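Given the structure is predicted, the values throughout are model-derived calculations rather than measurements. Chain letters run A, B, ... following the sequence lines, proteins first, then strands; residues in each count from 1.
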Amino acid sequence: MARAPQVLKGMRDFLPEQMLLRQHVLSTFRGVFERYGFEPIETPVIEYLETLTGKYGEDEKLIYSFQDRGERNVGLRYDLTVPLARFVANHRNDLTFPFKRYHIAPVFRADRPQRGRYREFWQCDADIVGTKSMMADAEVVSVWIDALSAINMPGFVVHINHRKLLMSLAEVAGVPDDQTPTIHRAIDKLAKIGEDGVLKEMQSNGIPEDAARRVLDLVSITGEPGEVFDELARRLAGNSMAEEGISEMRSLFDFLDKMGADSSHYTLDLTLARGLDYYTGPVFEAMSVDANIGSLGGAGRYDGLVGMFSGEDLPATGCSLGLERIFDVIQEKNLVAAPSTVSKVLVTVFNGDTIGESLALVGELRRAGVESDIYSGEKFDLRRQLQYANRKGIPRTLILGPDEIQTGQVIVREMSTGDQQSVDRANVAEAIHSALRADRAAD
RNA sequence: GUGCCCGUAGCUCAAUUGGCAGAGCACUGGUCUGUGGAACCAGGGGUUGCGGGUUCGAGCCCCGCCGGGCACCCCA
């Protein structure tokens, strides 16, 4: 017994009941993406290693890599964004720009697993390639809000910052370029470790105290986004990097407002830092205060990434949701109801002599479009078959024994109540259809 | 990748200082030969995650590996 092999660290199996819930969530996301005009693509799970390297900074060490037969150096994709950039570079003559695509697929990271952190997990990405307009970024934030709302995610907020603002902070602090990430890492922890903690962290990494305080003062500005931008513009006047960032952020927030995006679901967060090297403009992170599972998704603008593959720069922006974390929250908090089985009805078998009658009935129902199971076990006691339906959550059973066959009837049993009704054999499909219509109307 | 905690039946957990591996639920069969989700009775199921070591003797102590979790790092 204990000999059964395990699955690899950080990877999981899914039972049918879980898959039905996953598929339900995925089709909800697909619906939201398509409502915004995003269209599906797929790319290979494996890429040439050199396609993946040099894009993620420090995280590069988490790429699964190996040699295939033929000794090519290859890697499992780390996200869906870099494959998209490669995809666009390969197919740019066949695409219509701005190109909007969504991509829902597994990605791999050789990270140390933890709650909400897996080595294989699914991402749900929506991106727009080929425009620098903040309209695209607003679309991305908005589609995110709609997707998370559609699955009843509680208390989620999209935090918004801008890479150019982050860069200008480092300029203001007067630290060398290679110290920039240190500052970003420190301020990103503000909510967690407080001002003193941030100051301490910066100083222990060689940032002078007065520079650290200047940075901290800037990111501590609070108020309505418009007021914060005004204040930042005053304090960072003359810094061209900051001015570009502020101006883009103003139009992003303006567009979100005009789109009617729910402002309780997005917020300006000057401390938000995103680690991936390829971000160049607005950056986003979706978090749920109620979920306690870290971020639900990360996103941002990456204007230089496609150019790394094609030579021809194509600006791009997009978002990514982590399905496993969302799925874990949904299960934990019971946010979404999905059926526990695909079957709408179970046809029972009375005994060896009536198998033919039952098979004929189930075939008829299937041709009529009803998801119908037939009990295929070797023992025919009704008890066993009702138990099977009950455990799987199949809502109705059809019973046809010698008496019913004799009189041309079928018994339709409602499993939730135990109510039974005799229906003329000829009308069974229609009776089931109308019962299903009634079920749907009741929802 | 670093540091720490954990691993006993399908699940949740017991097992004095190292001394014959157990319970509840679940499962199978029966009470019940045309009716599930209840009850009662009986039964099956384990080389204690895997491999080594110490010991007269290891579920318990030591080492390695596999898997789970927490804190870092980082991230979805």
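In this structure, A/E364 pairs ionically with A/R425, as a charged nitrogen and a carboxylate oxygen lie closer than 4.0 Å. The existence of a salt bridge linking A/E201 and A/K192 is excluded, since no basic side-chain nitrogen approaches an acidic carboxylate oxygen closer than 4.0 Å. By the 4.0 Å N-to-carboxylate-O rule, A/K100 lies close enough to A/E139 to be salt-bridged with it. A salt bridge is defined here as a Lys NZ or Arg NE, NH1 or NH2 lying under 4.0 Å from an Asp or Glu carboxylate O, and A/R301 with A/D137 meets this definition. Salt bridge absent: A/R72 and A/E50 never bring a charged side-chain N and a carboxylate O closer than 4.0 Å. Under the 4.0 Å criterion applied to side-chain N and carboxylate O atoms, A/E324 and A/R22 are assigned as salt-bridge partners.
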Contact letters for nucleotides 64-70 of chain B, in which S counts primed atoms plus P, OP1 and OP2 and B counts the base, heavy atoms under 4.0 Å: --SSSBB
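Going from atom CE of A/M415 over to atom P of B/G37 covers 9 Å, rounded to whole Å. Straight-line distance from the CD atom of A/E414 to the P atom of B/G37: 18 Å, rounded to whole Å. Between A/I104 atom CD1 and B/A76 atom C1' the separation is 14 Å, expressed in whole Å. Nucleotide B/C75 holds its P atom 8 Å from the CG atom of A/D188, rounded to whole Å. Atom CD1 in A/I63 sits about 13 Å away from atom P in B/A76, given to the nearest Å. Here B/C75 presents its P atom at 17 Å from CZ of A/R119, a figure rounded to the nearest Å. Atoms CD (A/Q385) and C1' (B/G37) sit 16 Å apart, rounded to a whole Å. Summarising the geometry, the separation between CD1 on A/I411 and P on B/G34 is reported as 13 Å, rounded to the nearest angstrom.
Side-chain N/O atoms of A/E404 and base N/O atoms of B/G34 include a donor-acceptor pair closer than 3.5 Å. Checked by distance alone, A/R413 brings a side-chain donor or acceptor within 3.5 Å of a matching partner on the base of B/G36. A donor-acceptor contact under 3.5 Å is not formed by the side chain of A/R383 with the base of B/U35. Taking only distance into account, the side chain of A/Q420 meets the base of B/U35 through a donor-acceptor pair shorter than 3.5 Å.
In this structure A/Y266 satisfies the ring-ring contact (aromatic ring centres under 6.0 Å, His included) test together with A/F253, sequence neighbours excluded.
In a base pair of the Watson-Crick type (N1 to N3 plus N6-O4 or O6-N4) or a G-U wobble (N1-O2 and O6-N3), with each distance short of 3.5 Å, B/C72 is matched with B/G1. Of all nucleotides present, none satisfies the Watson-Crick or G-U wobble test against B/A58 with each distance under 3.5 Å. In this entry B/U28 has B/A42 as its Watson-Crick or G-U wobble partner, both defining distances falling under 3.5 Å. Pair assignment for B/C50: B/G64, on the basis of Watson-Crick or G-U wobble contacts that are both within less than 3.5 Å. B/G22 is paired with B/C13 under the criterion used here, namely a Watson-Crick or G-U wobble arrangement in which both key atom distances are under 3.5 Å.
Look at the P atom in both B/C62 and B/C6: the space between them is 10 Å, to the nearest Å. Straight-line distance between the C1' atoms of B/G59 and B/G49: roughly 12 Å, to the nearest whole Å. The P atoms of B/A26 and B/A39 are separated by 8 Å, rounded to the nearest whole Å. If you take atom C1' in B/C66 and the same atom in B/C56, they sit 32 Å apart, rounded to whole Å. Comparing B/C25 with B/U16, their P atoms are spaced 24 Å from each other, to the whole Å. When the P atom is used for both B/U48 and B/G22, the distance is 12 Å, rounded to whole Å.
Residue contacts for A/R109: at a heavy-atom cut-off of 4.0 Å it reaches a base atom on one of the strands shown. At the heavy-atom level, A/D79 lies nowhere under 4.0 Å from the strands shown. Base contact: A/L382 has a heavy atom under 4.0 Å from a base atom. Nucleic acid contact class of A/S416 (heavy atoms, under 4.0 Å, all strands): base.
In the set B/C32, B/C75, B/G29, the nucleotide with an atom closest to the side chain of A/R325 is B/C75. Checking B/G37, B/C75, B/U35 against the side-chain heavy atoms of A/Q387 singles out B/G37 as nearest.
Between A/F99 and A/F87, the ring-plane angle classifies as parallel under the 30° and 60° cut-offs. Taking the six-membered ring where tryptophan is involved, the planes of A/Y56 and A/Y78 are tilted, since the angle between them lies from 30° to 60°.
Taking side-chain N and O atoms only, A/K61 has no distance below 4.0 Å to OP1 or OP2 of B/C75. A/R274 has a side-chain polar atom (N or O) that falls below the 4.0 Å cut-off from OP1 or OP2 of B/A76. In terms of phosphate contacts, A/K379 brings no side-chain nitrogen or oxygen within less than 4.0 Å of OP1 or OP2 of B/U33.
Contact check of residues 347-359 of chain A against RNA chain B (heavy atom, cut-off under 4.0 Å) returns A/F350.
At least one donor-acceptor pair closer than 3.5 Å links the side chain of A/N152 to the backbone N or O of A/L335.
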Any chance you could lay out the side-chain contact (heavy atoms from CB on, under 4.5 Å) test for A/E17 and A/L21, step after step, and finish with the verdict? CA-CA 7 Å; A/E17 210 169 326; A/L21 184 53; over 6 Å; no
Evaluation steps, side-chain contact (heavy atoms from CB on, under 4.5 Å), between A/T51 and A/R77: CA-CA 9 Å; A/T51 300; A/R77 62 184 168 209; over 6 Å; no
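Per the stacking criterion (ring centres < 5.5 Å, plane angle < 30°), A/Y388 does not stack onto the base of B/G36.
With RNA chain B read from its 5' end, the first of the two nearest nucleotides for A/L321 and A/K189 is the one closest to A/K189. Comparing A/I399 and A/E120 against RNA chain B, the residue whose closest nucleotide sits nearer the 5' end is A/I399.
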